[in-house]
Student: 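Can you read through this structure? Questions will come right after.
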Amino acid sequence: MLLPSSLTPISQSALANLEQYQLQQNWSEKVYQQLGFVAGLSQFVIEVLAKDEILRAELPTMLDQQERYKQYRDALAQQLLGCADEMSGQRVLRQFRNREMAYIAWRDFCGSWSLEQSLKHVSELAEAMIFETYQWQYKACCELWGTPCNEQGEAQPMLIIGMGKLGGGELNFSSDIDLIFTYPENGETQGARRSIANAQFFTRLGQRIIKALDQQTFDGFCYRVDMRIRPFGDSGPLVMSFAALEDYYQEQGRDWERYAMIKARVMGRDMYPQYQELRQMLRPFVFRRYIDFSAIQSLRRMKSMISSEVRRRGLSNNIKLGAGGIREVEFIAQVFQLIRGGREPSLRQRGLLVTLDAIEELELLTLSEIEHLRTAYKFLRRLENLLQAMADKQTQTLPDGEQEQAQLATAMGLENWQQLLEQVQQNMANVHSVFTHLIGDDDEEHGEVAKHFHELWDMAQHRDVIDHILQQDLQVEQPETMANTIIQFKQDLAKKTLGPRGREVLNRLMPKMFQVIFAHPDAQYGLPRVLHLLHRIVTRTTYLELLDEHSAALTQLVRLCTASPMISEQLGRYPILLDELIDPQQLYNPIPLTAYSTELRDYLARIPEDDMEQQMEALRQFKQICILRIAAADIAGVLPVMKVSDHLTYLSEAIVECVVNQAWLQMAAKYGQPNHLKDREGKGFAVVGYGKVGGWELGYNSDLDIVFMHDCPVSSYTDGKKEIDGRQFYLRLAQRIIHIFSVRTASGILYEVDTRLRPSGASGLLVSPTDAFEEYQRSEAWTWEHQALVRARMIYGDEPLQRAFHEIRHSILCLPRERNDLKKQVTDMRIKMRDHLGSKKAGRFMLKQDPGGITDIEFLAQYLVLNYSHDKPKLTRWSDNVRIFESLIAQDIMDESQAMAITHAYTAMRDQIHQRNLLNLDADVADDKFSQERELVVGIWNQWLS
């Protein structure tokens with residue numbers, strides 16, 4: 001063992017620092033010569049020797065022992081017995097670890113044992129450290145909180161499952177340790193003054209074990225402990241019972257968890273009996289009874305994630321993660337274990353080399369391929385261990401510095417760095433060739449979707465990767481906010497119960513979803529809305545499949561959610577609407593105005609008339625489908641605001657007609673029909689629409705202001721088995737109508753209904769006879785009720801009632817009024833409303849209620865109709881503001897330029913409210929908006945009403 005001349009000064013310097021310990025006098029010449037060689041290669045070994053008196057005294061004896069691992073547990077347990085507190089225990093652990101790791105490194109550098117012996121010692125040392133720490137802390141915790149027991153009073157242990165290379169007995173020199181904590185049964189502690197639940201006891205125990213191994217102290221640390229591989233990751237409980245663990249893996253276990261669980265092994269042979277029960281429970285999750293070729297696809301995805309990480313982090317020359325590296329050998333073995341392990345017991349072993357032996361025996365790869373894999377694995381694992389043992393650093397990247405390169409080549413028994421590099425490249429090329437043949441390349445996985453969208457989904461737990469993609473690849477605005485949204489979404493998904501099929505579809509869908517979202521210029525709005533919607537529907541795999549299989553539906557979903565949070569909330573609440581996205585032709589073409597009643601009748605025809613529950617549900621679904629189509633056309637610019645209101649109004653009228661018919665059927669089945677209808681058609685019943693529905697101005701979130709009327713004489717009775725007074729019948733009919741509108745089904749309510757505009761308001765009759773309605777309007781109604789009548793029209797009713805209401809409305813609006821009284825009453829009511837409902841937000845203009853807003857325009861129109869209809873009866877024809885102003889021009893009351901200007905102000909403000917509805921925003925804007933329109937409206941108001 002000779003060092004090259006370039007490394008001799010390093011060795012000499014190290015030996016000079018150790019001279020004070022007189023090692024040359026105390027050690028044999030052979031061991032001292034080995035020291036000279038190791039000193040030129042490993043800073044770690046020299047540092048431990050300098051610090052550890054026991055190691056300096058015992059190393060020569062230790063080197064004579066080939067199987068030190070057999071003593072690890074007893075020796076460490078003995079040392080921990082003498083520890084009075086945690087600090088002394090931590091010191092014992094760290095010194096023990098460093099001492100034994102220096103021994104292992106020495107043997108590795110001197111090449112005095114095989115790779116398998118080296119891996120065995122590193123793994124057994126970690127297991128001894130973990131298990132004896134558990135024994136020490138378990139005893140301490142029992143003294144504090146009692147012994148955890150099940151319902152039968154039997155003491156409960158905690159099992160520590162080692163994952164990955166620790167579980168496989170192939171731990172590398174400076175590896176993290178991946179652990180899962182579990183215990184057999186729930187219960188409580190016994191033997192302490194106050195008992196605690198087993199779950200609480202084991203959580204505290206787990207925390208203490210992690211701290212004992214992971215915490216950095218003066219003596220360093222033992223191992224970086226990684227618990228993220230446990231169920232639910234960082235967001236899950238630290239410790240779970242056997243039953244909870246089984247439930248998780250059977251219901252929510254993901255492909256990578258199957259992959260990880262193959263190597264799972266309980267720490268401490270003492271625990272094997274308890275572990276066999278758990279292992280039997282988990283076996284169906286890991287190993288399928290059938291040959292499972294889907295494993296190739298999931299392993300390909302995992303490899304793609306790793307390749308992405310390598311590329312993002314610039315990990316060139318990485319012998320673990322690079323193409324043909326250690327990870328690819330592991331993946332190849334894993335493929336056969338996952339595909340065939342359920343049928344072939346020889347493929348269920350944890351170690352990689354024994355798995356390669358089983359693959360060879362089953363002739364699943366050719367002899368040359370097996371030999372390439374075996375040779376490359378041993379070469380790369382030995383290289384990895386030496387690379388890490390140089391300074392006890394967790395790295396798999398070949399060094400750039402000439403000194404480290406020379407040290408590594410020498411440790412590997414090669415003459416120079418170039419020779420080592422050629423062997424590394426040859427071995428990795430051999431592995432990658434087998435890997436590509438078996439699993440395929442990354443590009444096969446991604447298809448037409450850009451690679452970084454796959455990475456955005458697959459690597460969502462790595463903040464640095466997500467930031468890099470958003471900033472560098474996509475160059476989005478607000479990358480930090482978007483990164484938080486994506487990371488939070490994936491963390492929240494971990495808490496959802498998704499079956500294997502759901503996860504598989506989601507993994508296919510999400511890269512496509514990201515591609516469509518980020519193609520939109522307003523992606524910063526679309527991303528949180530779409531992900532919020534997905535979070536609502538993610539457990540319903542059918543809807544995920546719909547979006548995955550129909551690119552048009554996916555595109556429309558993103559487009560509509562980006563444009564409107566109202567729509568995204570509606571889709572999230574009622575995912576049945578997603579079906580509407582499949583056909584864009586239909587989606588952006590609302591039902592013709594005159595066809596809503598026919599379409600609704602056809603929609604309900606498939607449901608039995610007597611199934612009221614399904615009828616009510618179908619009504620709500622029809623309304624939601626229609627509103628989605630109207631909003632889609634609105635967003636696409638196909639419908640102007642006036643047409644949107646027309647559609648929403650005609651839709652509401654069709655629904656009112658249908659609800660009246662449904663309620664009538666129920667009432668008639670119970671009581672028969674009022675007998676005054678015997679010789680006439682119709683129901684003798686009407687619904688009058690006020691406000692927005694009366695004025696053809698409904699918005700997406702509008703209530704229905706309605707009043708019920710009938711023309712039933714006092715003498716009328718019903719003709720059914722259960723006879724009741726005719727007017728009582730109409731009262732119950734109205735109550736039933738309100739119930740159908742207001743009851744909350746799975747699809748929500750139909751409309752909020754307000755009947756307070758009826759005669760005498762909330763204290764008046766729910767249904768008014770026509771004569772009583774006329775009498776009230778003529779002799780008792782306030783001026784504001786006549787104002788409301790300007791915006792009223794019958795939206796459902798028989799011809800006689802239509803005619804009667806029209807005549808009542810016309811005659812009331814045409815009553816002569818004293819102008820100044822009317823002005824005062826209108827302005828007083830407006831001031832009262834403004835004080836009550838006007839702006840409460842500093843620096844904001846309330847579009848409806850503030851001076852110069854929509855309500856001023858509406859009051860002005862109402863005033864002019866009430867003031868002039870006595871002489872100009874044609875003013876009563878229309879109930880909507882736009883046509884009222886047109887009538888005012890036609891009747892020479894208002895000049896055309898003024899009427900057109902105020903109409904423009906009205907429609908502009910309505911349009912703004914409308915857009916804010918789509919965005920789920922309040923009807924207010926910055927104070928400097930609509931300043932010209934407001935000034936104009938205030939000026940016209942003052943001209944007519946001051």
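Just so you know, these numbers come straight off a predicted model, no measurement behind them. Values below: all heavy atoms of this structure, side chains included; hydrogens, waters and symmetry mates excluded.
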Student: Quick one: does Glu328's side chain have a donor or acceptor within less than 3.5 Å of a partner on Phe435's backbone?
Tutor: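 No.
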
Student: Inspect the contact between Lys70 and Glu124 and indicate whether a charged nitrogen and a carboxylate oxygen are less than 4.0 angstrom apart.
Tutor: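 A salt bridge is absent here (no side-chain N lies under 4.0 Å from a carboxylate O).
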
Student: Taking Thr375 as the fixed residue, which of His372, Lys378, Glu371 is the one that meets the side-chain contact (heavy atoms from CB on, under 4.5 Å) rule?
Tutor: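 Running side-chain contact (heavy atoms from CB on, under 4.5 Å) over His372, Lys378, Glu371 with Thr375 returns exactly one hit, Glu371.
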
Student: What do the steps show when you test Asn172 against Gln388 for side chain to side chain contact (heavy atoms under 4.5 Å, CB included), and what is the final call?
Tutor: CA-CA 8 Å; Asn172 59 37; Gln388 295 182 350; 3.4 Å; yes

Student: Taking the six-membered ring of Phe131 as reference, does the NZ or CZ atom of Arg73 fall below 6.0 Å from its centre and within a 45° cone about the axis?
Tutor: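 No, Arg73 does not sit over the ring of Phe131.
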
Student: Look up atom CZ in Arg56 and atom CG in Leu18, then write down how far apart they are to the nearest 0.5 Å.
Tutor: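 It is 8.0 Å, given to the nearest 0.5 Å.
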
Student: Looking at Gln78, I want to see if its CD is surrounded by more than 12 non-hydrogen atoms of other residues, nucleotides or ligands under 6.0 Å.
Tutor: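 No, because the 6.0 Å sphere around CD of Gln78 holds 12 heavy atoms or fewer from other groups.
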
Student: Checking Ser88 against Asp85: is there a side-chain donor and acceptor pair closer than 3.5 Å?
Tutor: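 Result is yes, a qualifying pair exists.
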
Student: Are the side chain of Ser433 and the backbone of Ala429 linked by a donor-acceptor contact shorter than 3.5 Å?
Tutor: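 Absent.
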
Student: Could you give the distance from CD1 (Ile177) to CG (Leu171), rounded to the nearest 0.5 Å?
Tutor: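 The CG atom of Leu171 is 8.0 Å from CD1 of Ile177, to the nearest 0.5 Å.
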
Student: Any side-chain donor paired with an acceptor under 3.5 Å for Asp392 and Ser174?
Tutor: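 Note: Asp392 and Ser174 side chains meet the donor-acceptor criterion.
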
Student: Let's go through Lys120 and Glu170 carefully: what are the C-alpha distance in whole Å and the side-chain angles of both, what is the deciding distance for salt bridge (Lys or Arg N to Asp or Glu O under 4.0 Å) to 0.1 Å, and is it a yes or a no?
Tutor: CA-CA 7 Å; Lys120 176 81 171 170; Glu170 302 159 337; over 6 Å; no

Student: Hey, could you give me the CH2/CG distance between Trp417 and Leu398, rounded to the nearest 0.5 Å?
Tutor: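 Output value for this atom pair is 4.5 Å.
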
Student: Check for a donor-acceptor pair, side chain of Arg230 on one end and backbone N or O of Met227 on the other, with a separation under 3.5 Å.
Tutor: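 Yes, Arg230 side chain to Met227 backbone: donor-acceptor pair under 3.5 Å.
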
Student: Give, for atom CD1 of Ile326 and atom CZ of Arg381, the distance between the pair rounded to the nearest 0.5 Å.
Tutor: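 So the CD1 of Ile326 and the CZ of Arg381 are separated by 5.5 Å.
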
Student: Kindly indicate, with the supporting measurements, whether the criterion salt bridge (Lys or Arg N to Asp or Glu O under 4.0 Å) is fulfilled by Asp178 and Arg224.
Tutor: CA-CA 9 Å; Asp178 296 298; Arg224 285 169 292 269; over 6 Å; no

Student: Looking at Arg228 and Asp234, is there a salt bridge between them, counting it only when a charged N and a carboxylate O are closer than 4.0 Å?
Tutor: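 Salt bridge absent between Asp234 and Arg228.
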
Student: Grab the two heavy atoms, one from Glu404 and one from Pro399, that are nearest each other, plus how far apart they are.
Tutor: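 Smallest interatomic distance, heavy atoms only, reads CB-CB, 3.5 Å.
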
Student: Apply side chain to side chain donor-acceptor pair (under 3.5 Å) to residues Thr366 and Glu369 and explain how you reach the verdict.
Tutor: CA-CA 5 Å; Thr366 67; Glu369 285 175 328; 3.3 Å; yes

Student: So does Val38 get a backbone contact from the side chain of Ser42, meaning a donor-acceptor N/O pair under 3.5 Å?
Tutor: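 No: the side chain of Ser42 does not pair with the backbone of Val38.
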
Student: Above 12 or not: heavy atoms from other molecules or residues under 6.0 Å from CD of Glu53?
Tutor: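 Not buried by this count: 12 neighbours or fewer within 6.0 Å.
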
Student: Give a yes-or-no answer on whether the side chains of Gln426 and Asn430 include a donor-acceptor pair shorter than 3.5 Å.
Tutor: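 A pair is found: one side chain offers a donor N or O, the other an acceptor, under 3.5 Å apart.
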
Student: Run the ring-ring contact (aromatic ring centres under 6.0 Å, His included) test on Phe44 and Phe173 for me, step by step, so that the C-alpha distance in whole Å, both residues' side-chain angles and the decisive distance to 0.1 Å come before the verdict.
Tutor: CA-CA 12 Å; Phe44 166 69; Phe173 194 87; 5.7 Å; yes

Student: With side chains defined as the heavy atoms from C-beta onward, is the minimum distance between Leu321 and Gln396 less than 4.5 Å?
Tutor: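 They are not in side-chain contact.
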
Student: So which atom in Gln274 and which in Pro157 form the shortest heavy-atom distance, rounded to 0.1 Å?
Tutor: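 Answer, listing the atom of Gln274 first, then Pro157: NE2-CG, 3.6 Å.
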
Student: Work out which heavy atom in Leu76 is nearest to a heavy atom in Glu132; give both atom names and the distance.
Tutor: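 Where Leu76 meets Glu132 most closely, the heavy atoms are CD2-CB, 3.9 Å.
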
Student: Please give me the minimum heavy-atom distance between Pro184 and Gln156, naming the atom from each residue.
Tutor: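 The pair with the smallest heavy-atom distance is CB-OE1, 3.2 Å.
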
Student: With ring-ring contact (aromatic ring centres under 6.0 Å, His included) as the test, would you mind laying out the steps for Tyr72 and Tyr69 before giving the verdict?
Tutor: CA-CA 5 Å; Tyr72 285 155; Tyr69 68 85; 7.1 Å; no

Student: So which atom in Ala140 and which in Arg208 form the shortest heavy-atom distance, rounded to 0.1 Å?
Tutor: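 Minimum heavy-atom separation between Ala140 and Arg208: CB-NH2, 4.0 Å.
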
Student: Atom OG1 of Thr410 and atom CD of Gln405: how far apart are they, to the nearest 0.5 Å?
Tutor: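 Here the interatomic distance stands at 11.5 Å.
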
Student: Quick check: does any side chain N or O of Asn427 sit under 3.5 Å from a backbone N or O of Gln423, one acting as donor and the other as acceptor?
Tutor: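 The answer is yes, because a donor-acceptor pair under 3.5 Å joins these two groups.
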
Student: Any side-chain heavy-atom pair from Leu383 and Leu420 closer than 4.5 angstrom?
Tutor: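 Yes, at least one pair of side-chain atoms sits under 4.5 Å.
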
Student: Could you tell me if the ring centre of Phe232 sits under 6.0 Å from that of Tyr248?
Tutor: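 Centroid separation for Phe232 and Tyr248: below 6.0 Å.
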
Student: Is the shortest side-chain N to carboxylate O distance from Glu330 to Lys165 below 4.0 Å?
Tutor: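 Yes, this pair counts.
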
Student: Quick one about Gln207 and Arg204 (side-chain donor to acceptor, distance below 3.5 Å, no hydrogens or angles considered), yes or no?
Tutor: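 The answer is no; no qualifying pair exists.
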
Student: For the residue pair Glu58 and Thr61, confirm or rule out a side-chain donor-acceptor distance under 3.5 Å.
Tutor: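 Per modelled atom types, Glu58 and Thr61 side chains form no pair under 3.5 Å.
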
Student: Side-chain donor-acceptor pair under 3.5 Å between Glu47 and Gln43, yes or no?
Tutor: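 Yes.
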
Student: Looking only at heavy atoms, what is the nearest atom pair of Glu127 and Val266, with distance?
Tutor: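 Result for this residue pair: OE2-O, 4.2 Å.
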
Student: Can you confirm whether the side chains of Gln394 and Asp176 place a donor and an acceptor under 3.5 Å from each other?
Tutor: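 Side chains of Gln394 and Asp176: pair found under 3.5 Å.
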
Student: Give the intermediate values and the outcome of side chain to side chain contact (heavy atoms under 4.5 Å, CB included) for residues Met163 and Arg265.
Tutor: CA-CA 7 Å; Met163 309 295 285; Arg265 180 169 61 88; over 6 Å; no

Student: Classify the ring geometry between Tyr134 and Tyr138 as parallel (under 30°), tilted (30 to 60°) or perpendicular (over 60°).
Tutor: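 Correct class here is tilted.
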
Student: Over 60° means perpendicular and under 30° means parallel, so classify the ring planes of Trp113 and His121, tilted if in between.
Tutor: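 Taking Trp113 first and then His121, their aromatic rings sit tilted (interplane angle of 30° to 60°).
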
Student: Start with the C-alpha gap between Lys320 and Glu384, add the side-chain angles, then the distance that decides, and say whether salt bridge (Lys or Arg N to Asp or Glu O under 4.0 Å) holds.
Tutor: CA-CA 8 Å; Lys320 177 183 177 182; Glu384 178 188 41; 5.6 Å; no

Student: Tell me yes or no: between the side chains of Tyr103 and Arg99, is some donor less than 3.5 Å from an acceptor?
Tutor: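 Per modelled atom types, Tyr103 and Arg99 side chains form no pair under 3.5 Å.
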
Student: Looking at Arg382 and Asp108, is there a salt bridge between them, counting it only when a charged N and a carboxylate O are closer than 4.0 Å?
Tutor: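 No.
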
Student: Nearest 0.5 angstrom please: Leu23 CG to Leu49 CG, how far?
Tutor: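 Going from the CG atom of Leu23 to the CG atom of Leu49 covers 7.0 Å.
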
Student: Could you tell me whether a side-chain N or O of Lys263 sits under 3.5 Å from a main-chain N or O of Arg350, the two making a donor and an acceptor?
Tutor: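 Here the side-chain-to-backbone pair exists.
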
Student: Find out whether Ile262 and Gln334 are in side-chain contact, i.e. whether some heavy atom of one side chain is under 4.5 Å from a heavy atom of the other.
Tutor: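 Yes, at least one pair of side-chain atoms sits under 4.5 Å.
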
Student: Indicate whether any N or O donor in one side chain lies under 3.5 Å from an N or O acceptor in the other, for Gln34 and Trp106.
Tutor: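 Looking only at side-chain atoms, Trp106 and Gln34 do form a donor-acceptor pair, the distance falling under 3.5 Å.
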
Student: Under a 3.5 Å distance rule, please check whether Arg340 uses its side chain to pair with a backbone N or O of Arg343 as donor and acceptor.
Tutor: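 No, the answer is negative, given that no donor and acceptor are paired below the 3.5 Å cut-off.
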
Student: Can you check side chain to side chain contact (heavy atoms under 4.5 Å, CB included) on Ile210 and Phe181, steps first, answer last?
Tutor: CA-CA 11 Å; Ile210 293 167; Phe181 297 151; 4.0 Å; yes

Student: Verify the ring-centre separation between Tyr259 and Phe331: is it less than 6.0 angstrom?
Tutor: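 Yes, ring centres under 6.0 Å apart.
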
Student: Evaluate Leu179 against Ile209 for side chain to side chain contact (heavy atoms under 4.5 Å, CB included), listing each step before the verdict.
Tutor: CA-CA 11 Å; Leu179 304 177; Ile209 292 169; 5.6 Å; no

